[in-house]
J.: 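Have a look at this one before I ask anything.
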Number of protein chains: 2
Amino acid sequence: MSASTRFCVAVHILAALALQRGKPVASEAIAASVGTNPAVVRRLLSDLARAGLTRSQLGKGGGAMLAKAPKKISLLEIYRAMDEPAIVAAPRSTPDQTCLVGRNVQPALRRVTDAAEAAFFDALAGANLKQIVKDIKADSIAA
Amino acid sequence: MSASTRFCVAVHILAALALQRGKPVASEAIAASVGTNPAVVRRLLSDLARAGLTRSQLGKGGGAMLAKAPKKISLLEIYRAMDEPAIVAAPRSTPDQTCLVGRNVQPALRRVTDAAEAAFFDALAGANLKQIVKDIKADSIAA
DNA sequence: GCAAATCGTAATAGAATTAGTTACATAAAT
DNA sequence: ATTTATGTAACTAATTCTATTACGATTTGC
């Protein structure tokens, strides 16, 4: 997929929020760090809020904050919040249903790819935002 | 993203070849089963041949054949042959390098996503074409 | 040798997805 | 009230993928 970059940006956003320890951060400030448009950030924050990971405050001094402790936010939750398409995409044209292979390949393959995707998700489930933040700080000390 | 459909189609192609047990299959026949254009199939076969999974024969009665036994072709080999992009794509705009988060999020995140992608690949490495073919036949008997 | 079949690949066009931009109504803070 | 900031919609631009067309090269079979 072309894979989407939303997940990476979402983690960036959440890490930035975590480092502010509850102080609201405006979408414009986040966008400056990410290097994109504030509206893009707000769109992602909208998804993250829907997933219960952030909340926002309007008005002067407002912005986004984490809705849960970094330790309680797994990378899988973040990934899921982005509504990414499946890793292994099914072909767009439907195969010939009168053909033995055409009829049965996709389901047979899916059994394997479902398991592989599950392994991917399990690994994401085993990491959380706090670890990412810790890593970020470690890098900054090392430099 | 979006993820690409090439892998699924490649498995379809290889399964079709496996079921012919060495008899050359023309790209047109494969394309009919997949439901796409022969040139698309030939392009994928070109990648598969480069990876050592198939070979082709020109002229009348020619076509593609497996270059290895189905049992010896893991789904990971097929996936790799497709040169798919990384599952987790890095953002296209570079983050602000003067910012602690901007400098360090991506490498910190990659440590986790690399492990997750490895888990995905391990699962694919554990399955082979013969299993897919067996599944296809089983489905046909059940129906 | 000749004709027919088939591949391999390039070039291009068409679709689909994704990110970026602009705009504006709404809500909160001072 | 004014200012600040969000949330979302509408649109544009960029990117990526698939499909199509075309054609030269190669092999088979007669």
Side-chain angles (χ1 to χ4, degrees), chain A residues 1-10 12-13 17 20 23-32 34-51 54-65 67 81-95, chain B residues 1-10 12-13 17 20 23-32 34-51 54-65 67 81-95:
Chain A
M1 38 44 97
S2 48
S4 144
T5 68
R6 285 192 295 270
F7 173 60
C8 275
V9 177
H12 187 146
I13 292 171
L17 297 187
Q20 292 307 311
K23 202 174 93 187
V25 187
S27 63
E28 196 162 354
I30 301 173
V34 173
T36 186
N37 194 292
V40 171
V41 173
R42 290 203 291 271
R43 232 179 342 206
L44 293 175
L45 279 169
S46 173
D47 290 335
L48 292 170
R50 194 171 306 123
T54 65
R55 57 198 170 83
S56 291
Q57 196 174 324
L58 287 177
K60 190 171 188 177
M65 299 157 279
M82 293 298 105
D83 258 333
E84 298 277 6
I87 295 173
V88 175
R92 30 200 219 198
S93 51
T94 52
Chain B
M1 122 93 354
S2 54
S4 145
T5 68
R6 284 192 295 271
F7 173 60
C8 275
V9 178
H12 187 146
I13 292 172
L17 297 186
Q20 292 306 312
K23 201 175 92 186
V25 187
S27 62
E28 195 161 356
I30 302 174
V34 173
T36 185
N37 195 290
V40 171
V41 172
R42 289 202 292 271
R43 228 175 348 202
L44 293 175
L45 279 170
S46 173
D47 291 334
L48 293 170
R50 195 172 305 125
T54 65
R55 57 201 172 81
S56 291
Q57 196 175 324
L58 287 178
K60 191 170 185 177
M65 297 156 280
M82 295 296 106
D83 258 333
E84 298 277 5
I87 297 173
V88 174
R92 30 200 218 196
S93 51
T94 52

J.: Whole angstrom is fine here: how far is it from CE in A:Met82 over to C1' in C:dT17?
T.: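 Whole-Å distance recorded here is 17 Å.
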
J.: How would you list, by chain and number, every residue that makes a side-chain hydrogen bond (donor to acceptor under 3.5 Å, both in side chains) with B:Arg6, sequence neighbours excluded?
T.: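 Expected list: none.
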
J.: If I take atom CG in residue B:Leu48 and atom P in nucleotide C:dC7, what distance separates them, rounded to the nearest angstrom?
T.: 14 Å

J.: Calculate the interatomic distance between B:Leu17 atom CG and C:dT6 atom P; express it in whole Å.
T.: 15 Å

J.: Between B:Ser4 and D:dT16, is there a side-chain N or O to OP1/OP2 distance below 4.0 Å?
T.: no

J.: For B:Ala90, enumerate each residue passing the side-chain contact (heavy atoms from CB on, under 4.5 Å) test, keeping only those at least two apart in sequence or located in another chain.
T.: B:Arg110

J.: Is any side-chain heavy atom of A:Pro95 less than 4.5 Å from a side-chain heavy atom of B:His12?
T.: yes

J.: How close or far is atom P of D:dT16 from atom CZ of B:Arg6, stated in whole angstroms?
T.: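 For the pair B:Arg6 CZ and D:dT16 P, the rounded distance is 12 Å.
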
J.: Counting just side-chain N and O atoms, does B:Ser56 come under 4.0 Å of either OP1 or OP2 of C:dG8?
T.: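 For C:dG8, OP1/OP2 do have a side-chain N/O of B:Ser56 under 4.0 Å.
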
J.: Quick check on D:dT6: is either OP1 or OP2 less than 4.0 Å from any side-chain nitrogen or oxygen of A:Ser46?
T.: no

J.: What integer distance in Å separates A:Glu84:CD from C:dT17:C1'?
T.: 12 Å

J.: Do A:Val9 and B:Pro91 have side chains that approach each other closer than 4.5 Å (heavy atoms only, starting at C-beta)?
T.: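 A side-chain contact exists here, since the closest heavy-atom pair is under 4.5 Å.
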
J.: Determine, for nucleotides 19-30 of chain D in 5'-to-3' order, which nucleotides have protein heavy atoms under 4.0 Å from the base (write B), from only the sugar-phosphate (write S), or from neither (write -).
T.: BBBB---BBS--

J.: In whole angstroms, how far is the P atom of D:dT18 from the NE2 atom of B:His12?
T.: 15 Å

J.: Without placing hydrogens or testing angles, list every side-chain donor-acceptor pair under 3.5 Å for residues 43-51 of chain A, not counting sequence neighbours.
T.:
{"unit_1": "A:Ser46", "atom_1": "OG", "unit_2": "A:Arg50", "atom_2": "NH2", "d": "3.3"}
{"unit_1": "A:Asp47", "atom_1": "OD1", "unit_2": "A:Arg50", "atom_2": "NH1", "d": "3.1"}

J.: Can you list everything that forms a side-chain hydrogen bond (donor to acceptor under 3.5 Å, both in side chains) with B:Ser27? Sequence neighbours excluded, please.
T.: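 B:Ser27 satisfies side-chain hydrogen bond (donor to acceptor under 3.5 Å, both in side chains) with B:Arg42 only.
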
J.: For a 4.5 angstrom cut-off between non-hydrogen side-chain atoms, does A:Met65 reach A:Gln57?
T.: yes

J.: How long is the line joining CG of A:Asp47 and P of C:dA19, in whole Å?
T.: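 My rounded result for the distance is 11 Å.
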
J.: Under the side-chain contact (heavy atoms from CB on, under 4.5 Å) rule, what do B:Ile13 and B:Thr54 come out as? Steps first, then yes or no, please.
T.: CA-CA 10 Å; B:Ile13 292 172; B:Thr54 65; 5.9 Å; no

J.: Partners of B:Glu28 by side-chain contact (heavy atoms from CB on, under 4.5 Å), sequence neighbours excluded?
T.: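 Result, side-chain contact (heavy atoms from CB on, under 4.5 Å) vs B:Glu28: B:Pro38.
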
J.: Taking DNA chain C as the partner, which of residues 24-32 of chain A come within under 4.0 angstrom of it by heavy atom?
T.: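 Within this stretch, nothing sits under 4.0 Å of the strand.
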
J.: Measure CG/A:Leu44 against P/C:dT21 and give the value in whole Å, please.
T.: 14 Å

